Amino acid sequence: MLARIASLTERPLSFIRSFSYRRNDRIPNSTGREMNFEDLDSDAAKRVNLRLCNVSGCMTEILEIRADRPSLHVVFVPGNPGAITFYKEFVESLFELLGGTASVSAVGAAGHTEKNWDRGRLYSLQEQIDHKIEFLKMQNIEAPLVLVGHSIGSYIALEILRRLPEKAVYCIGLYPFIALNLQSKKQAVIVKVTMSRVLSTTVALFVALLGLLPRRVLRLISELSNGKSWSNTAHEAACSHLPQFHTIRNVLYMARTEFIKLSETPDWNFMRENQKKISFLYGIDDHWGPLQMFEEVSRKASGIGLSIEREGHTHGFCCSEAGSIWVAHHAASLIKNKLAC
């Protein structure tokens, strides 16, 4: 999704207020600061809940659905950008496909929020990992923990597995970005931008200026740039979160630290030791998680569950409703099969 940052748009608070879904039971009050939702349907039951949670002084957006008596708790880590509202349909579908037996919590990236809660503070990849660990400690989750990550979120999920081996029973990486792709020209361009303070600041300023445009103009830019394949949810998430100076600076800074860290050789020993607890989903044409990486994983840690998505969805699956639903089906199937063992 980093390659599409130029297609940003407005900041609608009205979207946040209408961000709710029908479910079977009322969601219990959650910890943290609640967002200002409107109950648009008096018959609506269990809902996707978007709330703010203070994680070690960092205001964090949490998207979740709580089961009444969960047999497990799925914690989802987004890619970069880490605006969690992109994953609305995915979280909804995953909860439904698990039969309401699992709570699902999707934790937004620190600093990738709609409001500049942290006053411009920048968060590195390592700080994002620490941020997710602190969130889990705060939640005091009693049910077995299943980790699901998208893109760089897959790397973060693996690091959570490393630090919480007794709690985390399974880790799924969706279109995982766990090593640099030296053959990707797109990555090479993004590396140059993120490594240059002048270029990264220029990009952030340009994107922030887009946020000053009228809402209808910004929405039009998003639709023309991304096409009709993007869902309304994705357009609105892009409009509300991405055309902000603090967000784009964090996106680019996090990417910079990603490229530095992922230039190192993956920890194959760790993955081999935990291969029965790890599964990866790769895409056909994905420069972040290329098929050569799929092949390398299959050689270095043959016990890891590997799949290739051949349905025509993209790395940014969360930007389309069809992609969100298909990937949710895949993740739910993996989780069910794992728990049946």
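Quantities reported herein were computed from a predicted structural model and do not represent experimental measurements.
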Could you check whether any side-chain heavy atom of Asn80 comes within less than 4.5 Å of a side-chain heavy atom of Leu125, counting everything from C-beta outward? no
For the pair Phe86 and Trp230, name the ring-plane relationship: parallel under 30°, tilted 30 to 60°, perpendicular over 60°. perpendicular
Could I get the full list of ring pair (Phe, Tyr, Trp, His ring centres under 6.0 Å) partners for Phe280, not counting sequence neighbours? none
So do Leu161 and Phe270 actually touch side chain to side chain, heavy atoms under 4.5 Å? yes
Angle class for the His150/His315 ring planes (parallel below 30°, perpendicular above 60°, tilted otherwise)? tilted
Over 60° means perpendicular and under 30° means parallel, so classify the ring planes of Trp326 and His330, tilted if in between. parallel
Looking just at side-chain N and O atoms, do Gln183 and His287 make a donor-acceptor pair shorter than 3.5 Å? no
Starting from Tyr253 and following side-chain heavy-atom contacts under 4.5 Å between hydrophobic residues (I, L, V, M, F, W, Y), which residues can be reached? Leu122
Under the side chain to side chain contact (heavy atoms under 4.5 Å, CB included) rule, collect the residues that match up with Arg197, sequence neighbours excluded. Thr201
Please report whether the ring centroid of His112 lies less than 6.0 Å from that of Tyr123. no
Say whether, by atom type as modelled, one donor and one acceptor occur between the side chain of Glu309 and the main chain of His313 under 3.5 angstrom. yes
Taking every non-hydrogen atom, the tightest pair across Met271 and Leu158: SD-CD1, 4.4 Å
Take atom NZ of Lys167 as the centre, draw a 6.0 Å sphere, and report whether it contains more than 12 heavy atoms from other residues, nucleotides or ligands. yes
